[in-house]
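A quick write-up on the structure given underneath.
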Amino acid sequence: MANISLNSLTKKYGSTEVLHHIEAEIEDGEFVVIVGPSGCGKSTLLRMVAGLESVTSGDVMIGGNRVNDLEPANRDIAMVFQNYALYPHMSVRQNMAYGLKIRGKPKEEITRRVEEAADILEIGAYLDRKPRQLSGGQRQRVAMGRAIVRDPQVFLFDEPLSNLDAKLRVQMRLEIRKLQKRLGVTSIFVTHDQVEAMTLGDRLMVLNGGYVEQFGTPIELYERPASVFVAGFIGSPAMNFIAGHSDGGDLILPGGAKIRTNLSRKADILVGIRPEHLVRNDEDGAISMQVEVLEHLGGVTLLHGPLEGSDQQIVASLNGISVVEVGETVRFDAPERALHLFDPATEKRIEA
């Protein structure tokens, strides 16, 4: 097993810089998820670790060794791709054994490793089938089995679940997490799905435009987002952002609503409130909205509508099937501990 260090890692295509001085320390056995929107540089960064993309500047260190100039085959990594990358003319057994065979491993060892991996992944019954005879989930298990048999220092996952349906994605991500814990292999997993990221990662690296916005545990990112981007990206439904003003004690929101805070300075503030942290208080709640759309999701009901006295749209999440009608005015409290304050100019977090 091995730790991974990314030291001021930069990637350019011609004069265009797509990754900007990425810094990260990934511990031995840690599961790190790189998450962000399409085009933010997630897969490029993963491919640089794998050796499939060259490094413009900076260093990739695996197990204390600089690997910038090593070929992918010499980095002791195994990669699981989005499209499975299985050989269609080979059986499952042959696909899983191929990497060991070309490395000259003894036949007995290859057989043992393949059968052990098949047992872990519960695909022993499919070893003699061809990939075309398998479902998408089964093919992904084979792709993971091919990675496991190599017994690498590092697993790299490039959006491996994106081709699966929603139900199977949930099942497979749980299995990947259990598998990684069982094997204890240092792993980097790329996804654009923030729910997937939150459930899988020991820590998350949030990328935006080739920059690291924040690198921390799922709870840290949820409870103390470092920027408007992280706050809006992590959490579902997304955080509400309301343009307000601090008078040195109260936050004054559009429509005149006031919320008490410990922020002593006077300034324009962008206030973030998660929908699930709005607490209904129809008598004297500070925040009032007129309900325009209701979404009944069973466990929760989402209320959509404008903040009273403004055209600012907000979302509130109430437990259960709430008895609320479209057109009704509903009032909420926003506990101070649930407020996230950001500088409107820099979009960075402000500490009260």
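These numbers were taken from a predicted model, which means no experiment stands behind them.
Residues Val230 and Glu220 form no side-chain contact, since every pair of their non-hydrogen atoms from C-beta on lies 4.5 Å or further apart. Residues Ile273 and Ile287 have side chains in contact (heavy-atom distance under 4.5 Å, counting atoms from C-beta outward). Residues His340 and Met239 form a side-chain contact, since some pair of their non-hydrogen atoms from C-beta on lies under 4.5 Å apart. Looking at Val33 and Thr191, their side chains come closer than 4.5 Å, going by heavy atoms from C-beta outward. Put simply, the side chain of Leu45 reaches to within 4.5 Å of the side chain of Leu6, judged on heavy atoms. A 4.5 Å side-chain heavy-atom check between Phe332 and Leu303 finds at least one atom pair inside the cut-off. With contacts defined as side-chain heavy-atom distances shorter than 4.5 Å, the pair Leu307/Ser288 does not qualify. Within the 4.5 Å cutoff, side-chain heavy atoms of Tyr13 are placed close to those of Glu53.
By the 4.0 Å N-to-carboxylate-O rule, Arg349 lies close enough to Glu351 to be salt-bridged with it. In this structure, Glu108 does not pair ionically with Arg112, as no charged nitrogen and carboxylate oxygen lie closer than 4.0 Å. Asp284 has no carboxylate O lying under 4.0 Å from a charged side-chain N of Arg331, or vice versa, which leaves the two without a salt bridge. A salt bridge links Asp202 to Arg177: at least one charged side-chain nitrogen sits closer than 4.0 Å to a carboxylate oxygen. The pair Glu328-Arg280 counts as a salt bridge, with a side-chain nitrogen and a carboxylate oxygen less than 4.0 angstrom apart.
Linking ILVMFWY residues whenever their side-chain heavy atoms come closer than 4.5 Å, directly or via other members, leaves Leu270 and Val315 in distinct clusters. A chain of hydrophobic side-chain contacts below 4.5 Å, direct or via other Ile, Leu, Val, Met, Phe, Trp or Tyr residues, connects Leu127 to Leu134. Met90 and Ile123 are assigned to two separate hydrophobic clusters, defined by single-linkage of ILVMFWY side chains at heavy-atom distances under 4.5 Å. Cluster annotation: Val170 and Met198 are assigned to distinct hydrophobic clusters (Ile/Leu/Val/Met/Phe/Trp/Tyr, side-chain heavy-atom contacts under 4.5 Å, transitive). The hydrophobic cluster containing Val300 does not contain Val291, counting ILVMFWY residues as joined when their side-chain heavy atoms lie under 4.5 angstrom apart, directly or transitively.
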- Message: Run the side-chain contact (heavy atoms from CB on, under 4.5 Å) test on Lys107 and Lys101 for me, step by step, so that the C-alpha distance in whole Å, both residues' side-chain angles and the decisive distance to 0.1 Å come before the verdict.
- Response: CA-CA 8 Å; Lys107 180 179 287 189; Lys101 183 177 179 181; over 6 Å; no

- Task: Just do the salt bridge (Lys or Arg N to Asp or Glu O under 4.0 Å) check on Lys178 and Glu122 with the steps written out, would you?
- Result: CA-CA 13 Å; Lys178 288 191 292 185; Glu122 299 180 355; over 6 Å; no

- Query: So Phe157 and Phe81, side-chain contact (heavy atoms from CB on, under 4.5 Å) or not? Walk me through it.
  - Reply: CA-CA 6 Å; Phe157 297 90; Phe81 296 92; over 6 Å; no

- Apply side-chain hydrogen bond (donor to acceptor under 3.5 Å, both in side chains) to the pair Ser5 and Glu25, showing each step before the final yes or no. CA-CA 5 Å; Ser5 298; Glu25 292 290 337; 2.7 Å; yes

- Task: Walk me through it: do Arg75 and Val49 pass the test side-chain contact (heavy atoms from CB on, under 4.5 Å)?
- Result: CA-CA 9 Å; Arg75 296 192 182 198; Val49 175; 5.6 Å; no

- Message: What verdict does the side-chain contact (heavy atoms from CB on, under 4.5 Å) test give for Leu168 and Gln171, after you've listed the backbone C-alpha separation in whole Å, the side-chain angles of each residue and the deciding distance to 0.1 Å?
- Response: CA-CA 5 Å; Leu168 190 54; Gln171 178 187 340; 3.7 Å; yes

- Message: Run Gln290 and Thr329 through side-chain hydrogen bond (donor to acceptor under 3.5 Å, both in side chains) and show every step you take.
- Response: CA-CA 4 Å; Gln290 185 176 44; Thr329 296; 4.7 Å; no

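Remark: side-chain polar atoms of Glu159 are not paired, donor with acceptor, to backbone N or O of Asp193 under 3.5 angstrom. When atom types are taken as modelled, the side chain of Arg274 and the backbone of Tyr222 share a donor-acceptor pair closer than 3.5 angstrom. Within the 3.5 Å criterion, the main-chain N or O of Ser8 finds a donor-acceptor partner in the side chain of Glu23. When atom types are taken as modelled, the side chain of Gln133 and the backbone of Lys130 share a donor-acceptor pair closer than 3.5 angstrom. Side-chain atoms of Lys42 do not come within 3.5 Å of backbone N or O of His192 as any donor-acceptor pair. Gln214 places a side-chain N or O within donor-acceptor distance of the main-chain N or O of Ala226, the cut-off being under 3.5 Å. Between the side chain of Thr111 and the backbone N or O of Glu109, no donor-acceptor pair lies under 3.5 Å. A distance-only check finds a donor-acceptor pair linking the side chain of Ser310 to the backbone of Gln312 [under 3.5 Å].
Taking the side-chain hydrogen bond (donor to acceptor under 3.5 Å, both in side chains) definition, one finds that Asn163 meets it with nothing, sequence neighbours left out.
Pairs engaging residues 226-255 under the side chain to side chain donor-acceptor pair (under 3.5 Å) rule: Glu213-Ser227, His245-Asp268, Asp250-Arg260 [sequence neighbours left out]. Sequence neighbours left out, the pairs with a member in residues 97-126 that pass ring pair (Phe, Tyr, Trp, His ring centres under 6.0 Å) are Tyr87-Tyr98. The side chain to side chain donor-acceptor pair (under 3.5 Å) analysis of residues 54-64, with sequence neighbours excluded, yields the pairs Thr10-Ser57, Lys11-Ser54, Asp59-Arg66. Residues in residues 292-327 take part in no ring pair (Phe, Tyr, Trp, His ring centres under 6.0 Å) pair, two or more places apart or across chains. The list of ring pair (Phe, Tyr, Trp, His ring centres under 6.0 Å) pairs with a residue in residues 197-221, not counting sequence neighbours, reads His20-Tyr211.
The distance from atom CZ of Arg139 to atom CG of Leu86, rounded to the nearest 0.5 Å, is 8.0 Å. Atoms CD1 and CD1, on Ile314 and Ile242 in that order, are 5.5 Å from each other to the nearest 0.5 Å.
Using modelled atom types and a 3.5 Å distance limit, the side chains of Asp128 and Ser91 yield no donor-acceptor pair.
In terms of heavy atoms, Asp76 sits closest to Pro152 at OD1-CA, 3.5 Å. In terms of heavy-atom proximity, Asn95 sits nearest to Pro131 at ND2-CG, 3.9 Å. Residue Ala117 comes nearest to Ile148 through the heavy atom pair CB-CG2, 4.0 Å, listed as atom of the first residue, atom of the second, then distance. In terms of heavy-atom proximity, Gly285 sits nearest to Asp333 at CA-OD1, 3.3 Å. Among all heavy-atom pairs drawn from Glu196 and Phe189, the shortest one is OE2-CE2, 3.4 Å. Listed here is the closest heavy atom pair of Ala147 and Ala78: CB-CB, 3.6 Å.
In this structure, Arg203 forms no cation-pi arrangement with Phe31, as its terminal cationic atom is not both closer than 6.0 Å to the ring centre and no more than 45° off the ring axis.
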